[in-house]
Amino acid sequence: MWRFESTHTQQKETEYLDAVIERIEADEHVRSHAKAILDGVSAQEPLVSQSLLTPQDVRYHAEGPNMRDHLTLMLMVLTCVEEEKLHLIDIEEFRRLKGYEGEIQELEDTLKEQAAFFQVFILAHDVCKWVSLSFTSTKEPETFFESPSLEEKLKQRMAYLESYEAFAHSHVGKSPREIQAQFYLAHKIDVHYHNHARHIHARVYQELLDRLCQAHGLTERDRALLEDLVSHHMEFGSDFDVVRPKRIERYVHLATKRGFDADDFIDLMQGCQFLDGVCGSKRLGPRGYFHDPLLLINCLKSEQEYAPWRRAQKERERVEEEGRARNRLLKEVGLDGVALMDVLHMEPGRAFGLALRRIQAGMLGKAEMPTFGAKIDQEIEKRVAQFYQKAFKKGE
């Protein structure tokens, strides 16, 4: 896609990621939109509705006590990217990645262009946590212990939910996030979801994924990609907790084995990392709540170190496609060479070539727009306005 229409002019002031998330969380419009999505899917899919009740471990998911809070935040971030309330290059931690501006813009464009795809990922990636749920506690080992049987798992789940509900009722006036943190400090119950991502291959979840993809208008290829991304999404964090170029080879191999384009697969994987691991996972540490962008940063650096020539090739392809798309739009609005010869009443030659370059440079803000007389200037101005209108419409 030609990125003239979507490339964002960098703001002078950036925001740190934590401040960005705070701003998004305070946006009632996007919160209502996320709620409507979850309510609508929950009404149709009991498996999704049930999964939203899954308790969250405050050490890794401090965005709220239930999985619904995790999905809500991810959906809110995705909506802000779609509505251009959030530009990734304006996040301070990403602006500091000098030389990665193209990759960051490509990630933002991927999120916009594949919004329905990522919405299904959000809905499906942790849906199996509910059936994988278990607990351990150093304070209450007789109730919450490691490796329970299925019957014991159900008892633990019920005990946890009852204990949490009683605790919340005794802390009226506190926010859900505060209650989540204080409950953990009081009871020290760790929440586990062992191998939950792999359960997406179970028949009941396969059928759920089929229905979600169909409802969102996704293709069979999209559905196959989603199954692999959901199945492996927990590894996106452990593989890139530091810069590990060799781990990129693993995803190239996986994509090739499945018949996917490796670059596309990695682009989608990084979109999932950004929504899930970076934005959707609030941590609670000694200094308070925070989000960790290093997961994505390490992945971008790993990709570059794994095959630096691929980065240069992708950039060349991107520039070439932008040029082709720009030329198509110029022709569409009558600002290509053939159309402008008629407007300017000129023949091919050096004089016309100079005039054409000056008009297109002026149109792109690289020079002053030349003048050719009131009537011609008015016609060119009209076509330039059409160009801007179409270009920015595509960007939206």
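The first residue in the sequence is number 1, and the count goes up from there.
Proximity of Phe236 to Leu229: side-chain heavy atoms (C-beta onward) are separated by under 4.5 Å at one or more points. Between Arg250 and Leu254, every side-chain heavy-atom pair lies at or beyond the 4.5 Å cut-off. Taking the side chain as every heavy atom from C-beta outward, Leu47 and Trp130 never approach each other to under 4.5 Å. For the pair Thr256 and Phe265, the minimum side-chain heavy-atom distance is 4.5 Å or more. Between Leu88 and Val81, the closest side-chain pair of non-hydrogen atoms falls below 4.5 Å. Between Asp264 and Arg221 there is a side-chain heavy-atom pair separated by less than 4.5 Å. Phe118 has its side chain within reach of Thr110: a pair of non-hydrogen atoms, C-beta onward, lies under 4.5 Å apart. Contact annotation: the side chain of Asn66 never approaches that of Leu52 to less than 4.5 Å [non-hydrogen atoms, C-beta and beyond].
For the atom pair Met74 CE and Asp126 CG, the distance stands at 7.5 Å (nearest 0.5 Å). Remark: Phe240 CZ to Gln273 CD distance equals 6.5 Å, nearest 0.5 Å. Note that the NE2 atom of His125 and the CG atom of Leu209 stand 13.5 Å from one another [nearest 0.5 Å]. For the atom pair CD (Gln156) and OG1 (Thr143), the distance works out to 8.0 Å, reported to the nearest 0.5 Å. To the nearest 0.5 angstrom, Met369 atom CE is 7.0 Å from Ile359 atom CD1. In this structure, CG in Leu340 is found 6.5 Å from CZ in Arg383, a value given to the nearest 0.5 Å.
Looking at Gln270 and Glu303, their side chains do bring a donor and an acceptor atom within 3.5 Å of each other. Using a 3.5 Å distance cut-off with no hydrogens or angles, the side chains of His61 and Lys282 do not pair a donor with an acceptor. In this structure, a donor-acceptor pair under 3.5 Å is present between the side chains of His216 and Gln119. Between the side chains of Gln206 and Arg223, a donor-acceptor pair is found at a separation under 3.5 Å. There is a side-chain donor-acceptor pair under 3.5 Å between His70 and Asp276.
Leu295 is connected to Phe274 through a chain of hydrophobic side-chain contacts under 4.5 Å among Ile, Leu, Val, Met, Phe, Trp and Tyr, so both are in one cluster. Linking Ile, Leu, Val, Met, Phe, Trp and Tyr whenever their side-chain heavy atoms come within less than 4.5 Å leaves Leu154 and Met67 in two separate clusters. Linking ILVMFWY side-chain heavy atoms closer than 4.5 Å, directly or via other members, places Leu71 and Leu226 in a single hydrophobic cluster. If you chain together hydrophobic residues whose side chains sit under 4.5 Å apart, Tyr184 and Phe167 never meet in one group. Residues Val204 and Val127 fall within the same hydrophobic cluster, defined by Ile, Leu, Val, Met, Phe, Trp and Tyr side chains chained together at heavy-atom separations under 4.5 Å.
Checking side-chain atoms of Ser49 against main-chain N and O of Glu45 turns up no donor-acceptor pair under 3.5 Å. Side chain of Glu152 to main chain of Ser147: no donor-acceptor pair is present (N/O by atom type, distance under 3.5 Å, no hydrogens or angles). A donor-acceptor pair under 3.5 Å is absent between the side-chain atoms of Glu15 and the main chain of Asp90, judged by distance alone. Of the possible donor and acceptor atoms, none in the side chain of Ser163 sits under 3.5 Å from a partner among the backbone N and O of Ala159. Under the 3.5 Å distance criterion, the side-chain polar atoms of Tyr164 are matched with a main-chain donor or acceptor of Gln180. The backbone N or O of Val30 sits nowhere less than 3.5 Å from a side-chain atom of His33 that would complete a donor-acceptor pair. A donor-acceptor contact shorter than 3.5 Å links the side chain of Arg198 to the backbone of Ser231. Side-chain N or O atoms of Glu93 include none that pairs as donor or acceptor with a backbone N or O of Pro293 at under 3.5 Å.
Closest of all the heavy-atom pairs between Ile200 and Ala124 is CD1-O, 4.3 Å. When all heavy atoms of Arg95 and Ile89 are compared, the pair lying nearest together is NE-O, 2.7 Å. The shortest heavy-atom contact between Leu107 and Asp267 is CD1-O, 4.4 Å. Summarising the geometry of His291 relative to Cys279, their closest heavy-atom pair is CE1-O, 3.0 Å, with the distance given to 0.1 Å. The minimum heavy-atom distance linking Leu86 with Glu108 is given by the pair O-OE2, 4.1 Å. Minimum heavy-atom separation, Val120 to Cys213: CG1-SG, 4.3 Å.
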Working for side-chain contact (heavy atoms from CB on, under 4.5 Å), residues Phe94 and Leu296: CA-CA 10 Å; Phe94 297 151; Leu296 177 59; 3.7 Å; yes
Report the C-alpha separation of Glu207 and Arg203 in whole Å, then their side-chain angles, then the decisive distance to 0.1 Å, and conclude whether the salt bridge (Lys or Arg N to Asp or Glu O under 4.0 Å) test is met. CA-CA 6 Å; Glu207 292 171 351; Arg203 181 175 177 180; 3.1 Å; yes
Could you give me the CA-CA distance, side-chain angles and deciding distance for Ser302 and Arg247, then say whether side-chain contact (heavy atoms from CB on, under 4.5 Å) is met? CA-CA 8 Å; Ser302 297; Arg247 296 299 172 92; over 6 Å; no
Mind running ring pair (Phe, Tyr, Trp, His ring centres under 6.0 Å) on Phe290 and Tyr16 for me, showing each step along the way? CA-CA 10 Å; Phe290 69 98; Tyr16 283 99; over 10 Å; no
Pair Asp222-Thr219, side-chain hydrogen bond (donor to acceptor under 3.5 Å, both in side chains): steps then yes or no: CA-CA 5 Å; Asp222 292 333; Thr219 65; 3.1 Å; yes
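Salt bridge annotation for Lys246-Glu249: present, with a cationic side-chain nitrogen under 4.0 angstrom from a carboxylate oxygen. A salt bridge links Glu25 and Arg177; the closest N-O separation between the charged side-chain nitrogens and carboxylate oxygens is under 4.0 Å. At a threshold of 4.0 Å, the pair Glu84-Lys112 counts as salt-bridged, since one of the basic side-chain nitrogens sits closer than that to a carboxylate oxygen. A salt bridge does not link Arg328 to Glu332: none of the charged side-chain nitrogens sits closer than 4.0 Å to a carboxylate oxygen. In this structure, Arg283 does not pair ionically with Asp292, as no charged nitrogen and carboxylate oxygen lie closer than 4.0 Å.
Between Phe144 and Tyr160, the angle of the ring planes goes over 60°, which puts this pair in the perpendicular group of the 30/60° scheme. Under the 30°/60° scheme for interplanar angles, the aromatic rings of Tyr193 and His196 are found to stand perpendicular.
Other residues, nucleotides and ligands contribute at most 12 non-hydrogen atoms within 6.0 Å of the CD atom of Glu220. A 6.0 Å sphere centred on CD of Glu146 holds no more than 12 heavy atoms belonging to other residues, nucleotides or ligands. Heavy atoms of other residues, nucleotides or ligands lying less than 6.0 angstrom from CE of Met341 number more than 12. The environment of Glu178 atom CD is dense: over 12 non-hydrogen atoms of other residues, nucleotides or ligands sit within 6.0 angstrom. Open room surrounds CD on Gln44; 12 or fewer heavy atoms of other groups in view lie less than 6.0 Å from it. Atom CG of Asn195 has 12 or fewer neighbouring heavy atoms from other residues, nucleotides or ligands inside a 6.0 Å radius. Within a 6.0 Å sphere centred on NZ of Lys153, other residues, nucleotides and ligands contribute more than 12 heavy atoms. Summarising the local packing, NE2 of His253 is surrounded by 12 or fewer heavy atoms from other residues, nucleotides or ligands at distances under 6.0 Å.
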